[in-house]
Amino acid sequence: MIAHIFEDRCDGCNNCVAICPTHVLDAGKDGAPVVARIDQCQTCYMCELYCTSDAIYVDPDQHHLHVVDPQAILESGHLGRLRHDYGWGREAGGDEGHLSDFWRLGPLLREGAEIAARRYAGRKA
Amino acid sequence: MSGHDVLALTTDVLIVGGGMAACWAATAAARAGARVVLVDKGFVGTSGVTATGGPNHWWVPPDPAKRAQAVEDRLARAFDLAERDWMARIIDETWRALPELAGYYPFDSDGRGGTFYSGVRGPEYMRALRRFAADLGVSILDHHPALELLVDHDGVVVGAAGHARLDDRLWAIQASSVVLATGGCAFRSGLIGSHGNTGDGLLMAAEAGAALSGMEFSVSYSLSPAWNSTRTLPYFAARFFDQEGRELDVPPPMSGEAAHLKALATAMIEGPVLADLSDAPALLKQLLRRIQPASMPPFERRGVDLFENRFPIRLFGEGTVRGTGGLQIVDEKCRTSVEGLYAAGDAATRELIAGATSGGGAQNAAWALTSGRIAGQAAARAASQRKSRATARGRPVGGAGLRPAADARPIDLSPVIPAVQASTIDFDGALWRSEAKLSSAKARLDLLWRDIADHAYATGIARIALREQAAMVAAARWVCASALARTESRGMHMRTDKPGLDPALGARLLTGGLDNVWTRLETDIVSQRIEAVA
Ligand SMILES: Cc1cc2nc3c(=O)[nH]c(=O)nc-3n(C[C@H](O)[C@H](O)[C@H](O)COP(=O)(O)OP(=O)(O)OC[C@H]3O[C@@H](n4cnc5c(N)ncnc54)[C@H](O)[C@@H]3O)c2cc1C
Ligand code: SF4
Ligand code: SF4
């Protein structure tokens with residue numbers, strides 16, 4: 001669930017309020033948005049992806065709310081990493097080139113299934 | 001409510017939903033010359049299972065022999081409920097449509113010197129579809145969940161009404177035709193991206209008199225780390241262990257008759273199950289982050305190395321998302337059984353292209369795209385022939401949760417989720433169905449339905465959450481009724497008391513109704529029609 005908004009990084013654009021698919025956030029009076037309906041958070045990381053200031057941290061536990069240490073998150077390198085990995089606006093050329101290996105998804109999935117099938121057949125033999 | 005202002009609009013075509021089916025419908029309707037308004041519960045780009053997923057579409061080159069073979073192969077696994085023509089149609093339409101997104105979606109290499117079209121990454125796909133629709137003049141209203149349909153005195157659907165949640169006000173849109181593309185119902189299992197997929201469209205349509213089909217085919221799961229539902233690519237080569245470190249005897253994925261699933265579910269009923277991905281393809285270990293960036297945070301942020309450390313897993317139920325049930329489609333234009341109302345994507349039955357088995361993996365996305373385009377275009381054509389309808393004021397027909405049949409009073413909604421999950425998500429009740437289990441689930445749901453329909457009431461944005469609860473109860477009741485009526489095992493519908501196929505039940509099963517839920521084999525209706533003509 002969304003665990004922290006770094007107010008010092010947030011520019012108050014309210015993008016996250018608009019794009020959160022489940023209406024978790026409300027616009028702040030002035031400054032950062034507020035988490036108003038945490039029970040509706042589906043831990044989808046979309047707010048991170050759409051926050052161009054890398055000011056949001058989503059904790060990966062979708063069932064329980066954890067108190068996080070902002071300083072530790074800043075030091076962890078996780079902040080903004082997801083958006084960077086997607087190639088959204090972080091690097092020259094934007095998301096250009098970020099999908100060059102995407103075609104391998106199907107073949108890799110089938111390879112995984114074949115590995116499991118061979119191993120199972122081996123064990124049964 | 002803050003004030004009593006209502007956003008009132010009139011349009012040719014109203015699209016309800018904001019996933020891939022809705023967007024393809026909106027673009028097709030706009031291209032056919034209609035004025036199009038699209039209302040989504042969430043944000044078009046992030047809401048729905050398309051956005052968090054990244055569907056691979058059924059992709060067969062236009063070589064007649066290859067296409068015929070693809071259809072025959074899939075038909076052989078559909079348990080007699082799919083249709084050749086529909087399958088051929090979605091292959092063809094998908095092949096022609098996806099490349100149209102170039103310019104909006106950064107299609108890249110297919111590894112053989114060509115362009116890879118068939119598989120797309122969710123957030124980029126939905127961002128592209130949003131821009132495509134906006135460029136074609138579609139009015140997109142985010143955070144405008146629909147709550148009910150508007151119906152004229154002839155029973156024709158002429159619009160919808162709902163609640164704009166960012167500005168807390170009502171909206172009502174009159175339209176000549178309405179396309180429902182509200183997705184499947186995952187019964188709040190926690191499945192990735194599915195929080196808003198609560199079956200709202202099914203309930204709205206049924207209130208207008210529409211029938212559903214294949215609701216018994218609603219048993220499907222995807223494996224993920226126990227704490228966060230993800231996509232399933234990383235886990236295909238997994239070995240599984242119990243808490244004591246003993247390796248479990250789990251048949252490989254895709255080994256038929258749900259053997260993989262049932263073995264995992266059996267073990268999970270006993271206790272925690274851990275996955276070990278050390279056998280995963282070497283290239284996957286290297287490229288997972290590049291292919292599916294969102295697969296990493298659940299592990300990295302827990303300090304777990306997913307390919308080195310064992311971790312607890314969970315099966316997240318998919319309900320009708322990767323089940324196949326939904327609104328009945330009555331013709332090749334994706335019409336529902338109610339005039340003025342069309343259905344597309346996971347809101348519609350996918351038996352036409354997948355039968356009794358899941359269409360996940362390729363068919364469902366091709367269906368969502370194609371049914372969206374067909375419905376959008378047909379809705380636009382119908383609108384141009386029926387302009388006058390849009391001015392006929394519709395009557396809102398929403399019931400449960402909006403207009404209590406008896407006295408409005410607070411009711412306890414905490415039993416809703418356990419009750420709706422009993423025959424769809426819970427392993428024992430869903431994977432090993434029986435008359436006894438289904439009847440007891442049905443009895444619980446009937447009581448809940450009565451309570452909600454008679455008394456439940458909310459104001460302001462709380463109306464949205466209440467309608468979601470009502471919709472899930474309605475959907476689960478259709479599931480139970482259909483699963484009881486299908487006294488056999490077929491595809492993903494598996495009954496311990498009725499193993500094996502019953503040839504007499506080799507037809508699609510319709511259901512519907514609110515206070516009184518009914519079921520009927522589709523063949524009965526066809527034969528009745530034939531008799532009536534004769
Ligand atoms: C993890 C995962 C992976 C998948 N992978 C594949 C694959 O590889 N290949 C394949 O073919 N299929 C796949 N599928 C299935 C495929 O993703 C779906 O069939 C497809 O995305 C359905 O699109 P849709 O537009 O019908 O539904 P969704 O994308 O779920 O959209 C539904 C929309 O309806 C909106 N909505 C709901 N209620 C209301 C309301 N009351 N008012 C207004 N709007 C409302 C929601 O906000 C949402 O925007 C996968 C599914 C999952 C869950
Ligand atoms: S998107 Fe980021 S910068 Fe904008 S309001 Fe939200 S947290 Fe602040
Ligand atoms: S993780 Fe998803 S649901 Fe939660 S606040 Fe962010 S965008 Fe909203």
Side-chain angles (χ1 to χ4, degrees), chain A residues 17-23 26-27 37 40-50 57-64 73 76 78 81-88 94-121 123-124, chain B residues 41-43 45-48 51-52 54 56 106-111 116 119-121 123-124 142-143 165-166 190 192-196 227-229 232-233 235-239 249-255 279-281 283-284 287 289-294 296-302 461:
Chain A
V17 178
I19 70 85
C20 168
T22 57
H23 196 209
D26 278 342
R37 287 161 295 274
Q40 294 183 184
C41 178
Q42 60 171 358
T43 316
C44 63
Y45 307 94
M46 290 293 168
C47 47
E48 283 195 25
L49 190 56
Y50 275 82
Y57 178 78
V58 175
D59 179 88
D61 189 338
Q62 68 180 53
H63 301 114
H64 308 98
I73 292 165
S76 69
H78 294 320
R81 179 72 201 263
L82 184 68
R83 201 166 69 85
H84 172 96
D85 287 348
Y86 268 100
W88 279 35
D95 43 12
E96 226 32 58
H98 274 264
L99 287 153
S100 58
D101 284 316
F102 199 71
W103 66 274
R104 296 183 193 272
L105 195 160
L108 284 170
L109 189 150
R110 279 190 293 280
E111 191 185 336
E114 281 157 21
I115 290 170
R118 271 199 306 275
R119 196 179 53 221
Y120 188 73
R123 259 219 318 274
K124 294 283 137 177
Chain B
K41 185 192 284 184
F43 175 84
T46 63
S47 66
T52 47
N56 178 57
F107 290 110
D108 211 315
S109 163
D110 68 354
F116 184 61
V120 287
R121 202 149 73 192
E124 285 87 352
D142 302 303
H143 295 291
R165 60 187 183 185
L166 291 190
I192 180 171
S194 73
H195 189 86
W227 61 94
N228 196 181
S229 173
T232 55
L233 165 65
Y235 319 119
F236 276 79
R239 296 159 68 197
D249 187 28
V250 179
M254 310 174 184
S255 50
D279 273 358
L283 196 60
L284 177 70
L287 290 180
R289 186 192 304 280
R290 269 184 71 71
I291 297 173
Q292 274 179 8
M296 308 307 289
F299 298 97
E300 285 181 332
R301 295 177 188 193
R302 276 283 165 279
I461 61 169

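These values consider heavy atoms only, across backbone and side chains, with no hydrogens, waters or symmetry-generated copies. By convention in this document, chain letters (A, B, ...) are assigned in the order of the sequence lines, proteins followed by strands, and residues within each chain are numbered from 1.
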Check whether [X] gets within reach of chain B through its side chain, its backbone, both or neither, counting any heavy atom under 4.5 Å.
X: A:R123; answer: side chain
X: A:C20; answer: backbone
X: A:T22; answer: both
X: A:L49; answer: side chain
X: A:Y45; answer: side chain

Residue among [options] with most heavy-atom pairs under 4.5 Å to chain B:
options: A:G106, A:A117, A:C47; answer: A:A117
options: A:E111, A:H78, A:H64; answer: A:H78
options: A:A18, A:A116, A:A121, A:P21; answer: A:P21
options: A:A27, A:C41, A:S100, A:S76; answer: A:S100
options: A:E48, A:Q42, A:M46, A:R119; answer: A:R119

Counting only heavy atoms closer than 4.5 Å, note whether [X] contacts chain A via side chain, backbone, both or neither.
X: B:L287; answer: side chain
X: B:H195; answer: both
X: B:F116; answer: side chain
X: B:S229; answer: both
X: B:N56; answer: neither

Indicate the atoms forming the closest heavy-atom contact of [X] with [Y], along with that distance.
X: A:I115; Y: B:A280; result: CD1-C, 4.4 Å
X: B:L283; Y: A:L108; result: CB-CD2, 4.0 Å
X: B:A294; Y: A:Y86; result: CB-OH, 3.6 Å
X: B:P293; Y: A:D85; result: CB-CB, 3.7 Å
X: B:P298; Y: A:P60; result: CA-CB, 3.6 Å

Discussion item. Between A:H98 and A:W88, does the side-chain contact (heavy atoms from CB on, under 4.5 Å) criterion hold? Intermediate values first, please.
Written reply: CA-CA 9 Å; A:H98 274 264; A:W88 279 35; over 6 Å; no
Do NZ/NE/NH1/NH2 and the carboxylate oxygens of [X] and [Y] come within less than 4.0 Å?
X: A:D59; Y: B:R302; result: yes
X: A:K124; Y: B:D249; result: yes
X: A:R37; Y: A:D26; result: yes

Discussion item. Can you classify the ring geometry of A:H23 versus B:H143 as parallel (below 30°), tilted (30 to 60°) or perpendicular (above 60°)?
Written reply: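 Tilted, since the angle between the ring planes falls between 30° and 60°.
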Worksheet entry | Plane angle bin for B:F299 and B:Y235 - parallel if under 30°, tilted between 30 and 60°, otherwise perpendicular |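 B:Y235 and B:F299: tilted rings.
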Among [options], which has the most heavy-atom pairs under 4.5 Å with chain A?
options: B:S47, B:G119, B:P251; answer: B:P251
options: B:D279, B:I192, B:T232, B:D142; answer: B:D279
options: B:M296, B:K41, B:R239; answer: B:R239
options: B:G48, B:G54, B:A238, B:S255; answer: B:A238
options: B:G190, B:P253, B:G111, B:G42; answer: B:G111

Practice prompt. Measure from the side-chain N and O atoms of B:R301 to the backbone N and O of A:V58, and report whether any donor-acceptor pair falls under 3.5 Å.
Written response: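 Judged by distance alone, yes, a pair lies under 3.5 Å.
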